[in-house]
Amino acid sequence: MRSFIFTRSRPFDIDSVKPRIVEIVSDFDKYLNSYPVKSSRSKHSLLGPVGKVLQGAKSGRWDERSLAGYALNIHLSNPKVKGRISAESREALIGGVGKLFSLLNEVPVTARDNVLDRIDYGLYLERRLKGYDWLDYVVTQFRVFLRNKYQTPEELAEAWNEKPDRIGKDFERLPYPSRRLLSEAKGAKKADTAEFLSQLLQRGLDPDENEEESDQ
Amino acid sequence: MDEMYRQWRHTIAEFAAGRNWMRLLAKRGDFEQTLFEHTLTCVEVMIQLLSILRRPEHLGIGADRNEEGILVIAAALHDSGKESSQWQEYLSDPSKGFVEHIDKDKAKRLAPELCQALGFRNLEAVVGVCTALHHKRARGSATIMDSVLDMLDGDGPERWRTLAEVVDLVDNVASAKGVFGGLRALEHSVLSSHLRFDYHQVLVRGVSTVMLHKAVLQAYEQLGWVPLLHYHDATLYVASALSNVSTPSRDQVEGHLSEVLAHATARDVAGNMVGSPTGNILPKPELFEFTEVESYLRAAANKVGKTALLKKRSADKERVVRAYYKFRGMDSPPEGTDVEHEAARMSAAYPEMIVFKFFKATMSTDLVGAEGAQIASREYEAVFGQGAWQALLSTSTLMPAKDMHSTIDRYWSLSLAQVVNALEETQRMGLAGSLDVGQKVEELADGIRTDILIAVLGSIAQLVYQQISAAPSRKALAGKMASAFIRDLVRPAHNVDIRALSREQLETYGYSKPFAGKDSKKGRYICPICNVAFVEGAKASADFLSKPESHTNRAVSHGSFGRVIICETCKYERFVRQLLLGGRPSEMVVLMPMMNLGPQAGEILLGRARQLYDRMEACMLGRGDDPNEQISLSLTGSIARKTLSIDLFQLGPTELADLFSYRVGEENRKRRRKELLNLMQGAYPSGGGLTELNDMWITSFATWDEAADAVIAGRVDDEEARGMRNDAYKLYPHIGLVCQTPHMILMPLRGRVSMEDESDSNAALRKVFIEILLGLALECSVAIISDDEQIDFEGGEGIARVPPVAAARGIIKTAWVPTAEAEKWGRAIGAAAILASNEAFPARSGLLQILSAPTAGHILRRLEEKGSSAQQFAAQLRTLKEVLG
């Protein structure tokens, strides 16, 4: 009589691959640092080519190199990049795709969607938080700029013809200095916003890069 | 502990806190202990032992003052090597490879700072040697030789080896698991011939355990024992080997326990006496004190409102009135207006119905005997007429139609003269002095009618008590409770024939099944709460246990099932809980030392708990000028917002109480103010009411609003005004404190730590958050348990117990939150609570849904999809990213 074969299946613990997921997110995040988003309003545009990579990996119809090539093509098609990609970014993108395929090949088929989901949303959170940091940075700079110019919120309120409570006791209620603010502002407010934005642009910074939250 | 040692301990505590040892672990495994706690425990054990070792007949340590310094500083620094990040990493993951914690050089480097603070010089070399030799594993010949050379070089003490062994002993005692581990360490130590040791141990039950610990501690200390370390269930004591101290007897302990209980339970029990009008109206007859019967009757009158029946649907009202007509022998059904009229009469009579019901219970043969019942019958009928006693006895739980006919109608049909004749002259003048005695009782105002009834029934009761031999009194209760609770004392033990005991338990186990759920004189029972075998117990009412009528597998599966029978000890445990809180607690916060605690650390823990409670009590009772400031442990989101800029490890008891305080909303503030005005205007009705109020309160308010403002701000020094303020603003202590010894501190809670209609999993996470804050502020282990739950943990398993709810434990992945992760989980649950207030998450399970999301990105997406601005929650999302990924 043949001896019995005993098997004991152990459920896959996704937390066991957490460090590798973090590594992949980090690679894609590094790549996206150099990718100019068309608009930061949607998750789709925020993730750029990486969204397509994750979609392709989920479909199972791509191999590693083809998918990396497809992502590069999307990158280069973006008019803002003017057909260029730095070696560092390229390395991060291709490295991320490589690690992603290697991880997907190791985890059980049933866990693949969960792994991709975690990378997808983990990366999305990273990009969004960076966007928030950028908004905070710009508005803080705007506050410093106006404080240097007007010293007190009351003086600023008078110059802008605003109620003091719209400025805040420590300039904390100032609006985000977006292009929309510039187009809608009048008088000293318009002049100050324009001056600040031109200073920002001179430093190579675009205030509207992550502006969607500040518009609300 | 004398003042110098107290100061030393304080200095060392500041030193350890300054090095951040509260965030570092010294022990992890079965028990957890922070480096801060372990260090201070060692220092305290050393200081306690010094009180004996100073004597010349022992080691005579005090003769050379430096030796005291060496021992205390070495006790403080022997584990300083554990502060290295490598060792901390090794502790959290031993698979990374062994890291040595004995760091002689570090102890030598740190010693000068402590030496200077404590007033010593040049002790670092010998402190280094004591550190090097404090662990058995490291005491090889090389280390010994190294130490010898060290001591030859410097001017260290001659008996450095003995001092090192004392430091080793202290470390072993402080590190040992439980009281037996500590005892073993003492027995096998270099000091075993100098010391006598003993211990007390109890079975942990609940509030009674706190009292029992206090009683045993008093008994030991009275005989000259010095407490060395407290554990949740025990205390280790030491004394000089030359002293003739003895172990206290159980009788001595029982005497102390009786005093402790009498002192702790000496309070107004009127609120606890009246049970449910639809169930057992007198659930705790043991608490009954015949001199207080009028206050109980008054509490009974306040048990129900006067609109209960009026608020019911027309069909229900008609059904009740129809039944009432039937009792009166009227065949014709009630007309529409009759229904409303009779329903209004019955509604107004509700408080009086409960008064009659409670009076009937107090005159039961169980309380006053057959003779008393006979006297009661005679006196009652003298006032209410022939047959009235039988009519009263025929009533059961609240049934408005029957009660109206059997008791109220008889009372209301009397003339005032007939009723007040039963009263003494002074009472008569006080209650009915200005009334027309020819009036029918029914014509009187509701409040006056009830007051007269209470006075009449109270005077009948007093007549009965005067004529019977043993009027019911709770004076003997403390003694009865003490003899029940003493059964939980494991040591000092009495001689027990273990074989006979086992045989008895086995027999009871076999015999008890048919009797479970049945109150029988032949019955033998196993207590469903504490598993003790007993013969005489108490039928559990809903006042003692949730769902006492639900079936248990300890009963046979067929036949009738009444209520489970619980043992006397469990019954008294529930009495004490209710007495201390003034009602049945829903949940209880249990604070326990993390592993063990020295006597001074114990005092500090008690002090902090009292400080926290005093601040909370002041809020709950509206002692400030704003009764709208209240205390809640359930408002996790609001508490979390306040913790955003706070270092959780620096929380003190007062700051913690401030975190738990909140101001009620605008709408509720208006409602309560209106309620207060209603109470004031009700007591002093229109037409000169305000003038009368000013006369009574000796005030000069021009308007009602002015008067209300003054009462709200607590500026009116009048008992009635304060009572109205308490009633309108519901100022009563919904949290209690049972704080006697550091073994275990309890805070019974009237309400649950949860929001309305919240899932158990969500509430469990809310509890963990509160536990973490309490644990960090008071430096102890914390668990929030339900009133029916047993205390089956020991403290030291972690800082906060995750309630046994699968979903909550699935998220935190452990039954206790380890100290090292306390801040992480505290912040994460706090962040989740702030996010959960957003409409993107359901109130029922928001916390759970957030904390069980696969990543923080999923939460962000959900917020965005629901149209919320996620930017305002960036800080919370970052916090959650740390936990979820």
Side-chain angles (χ1 to χ4, degrees), chain A residues 11-26 28-29 40-47 50-51 54 111-139 172-173 175-176 178 210-216, chain B residues 89 92-93 95-96 641 644-645 802 806-814 817-818 821 824-825 827-828 831-832 834-835 838-841 849-885:
Chain A
F12 173 68
D13 178 14
I14 198 161
D15 284 340
S16 64
V17 293
K18 203 170 176 180
R20 294 177 69 183
I21 291 177
V22 170
E23 209 180 325
I24 295 166
V25 168
S26 164
F28 286 145
D29 185 41
S40 58
R41 285 174 193 275
S42 70
K43 176 168 173 273
H44 174 80
S45 62
L46 203 63
L47 296 192
V50 179
L54 296 175
R112 281 184 186 170
D113 281 2
N114 283 341
V115 168
L116 285 164
D117 200 40
R118 287 202 175 198
I119 294 170
D120 189 13
Y121 282 96
L123 180 63
Y124 176 56
L125 179 75
E126 286 297 330
R127 299 311 302 170
R128 202 41 113 201
L129 290 178
K130 277 191 178 166
Y132 296 153
D133 287 346
W134 164 252
L135 296 172
D136 284 343
Y137 172 74
V138 172
V139 86
E172 76 278 4
R173 293 196 181 160
Y176 184 80
S178 61
N210 288 288
E211 94 289 8
E212 94 285 10
E213 288 287 337
S214 61
D215 284 353
Q216 291 173 10
Chain B
E89 273 172 35
S92 60
D93 184 7
S95 66
K96 285 182 178 167
R641 273 188 197 93
L644 289 176
S645 55
V802 185
R809 289 200 170 170
I811 287 172
I812 297 178
K813 296 193 172 70
T814 150
V817 178
E821 292 185 10
K824 179 183 93 174
W825 280 108
R827 296 273 179 217
I834 294 173
L835 282 166
N838 189 281
E839 58 190 16
F841 301 97
Q849 289 191 13
I850 291 168
L851 289 168
S852 53
T855 68
H858 286 78
I859 301 164
L860 165 69
R861 195 74 188 130
R862 184 159 173 176
L863 284 166
E864 288 177 346
E865 280 171 356
K866 297 280 179 182
S868 298
S869 165
Q871 191 182 355
Q872 58 179 312
F873 297 120
Q876 283 73 44
L877 290 168
R878 280 197 171 91
T879 306
L880 287 168
K881 194 181 117 186
E882 297 299 313
V883 175
L884 305 175

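Lettering of chains follows the sequences in order, A, B, ..., and the numbering in each one begins at 1. Side chains are part of it too, since the values below use all heavy atoms of this structure and drop only hydrogens, waters and symmetry mates.
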Requested in this report: Of all the heavy-atom pairs spanning G857(B) and Y124(A), show the shortest one and how long it is.
Outcome: O-CD2, 4.3 Å

Query - E864(B)/R128(A) salt bridge by N-O under 4.0 Å criterion - result: yes

Query - NZ (K18(A)) with more than 12 external heavy atoms under 6.0 Å - result: yes

Query raised in the report: Got a second to check how far L123(A)'s CG is from T855(B)'s OG1, nearest 0.5 Å?
Result: 10.5 Å

Query raised in the report: Looking at D136(A), D117(A), D15(A), which has the largest count of heavy-atom pairs under 4.5 Å with chain B?
Result: D117(A)

Query - Largest heavy-atom contact set with chain A, pairs under 4.5 Å, which of L860(B), L877(B), L884(B) - result: L860(B)

**Report entry** Region of I859(B) in contact with chain A, defined by heavy-atom distances below 4.5 Å
**Finding:** neither

Query raised in the report: For the residue pair L129(A) and K881(B), what are the closest heavy atoms and their distance?
Result: CD1-CD, 4.4 Å

Query raised in the report: Could you give the distance from CZ (R878(B)) to CG (L125(A)), rounded to the nearest 0.5 Å?
Result: 8.5 Å

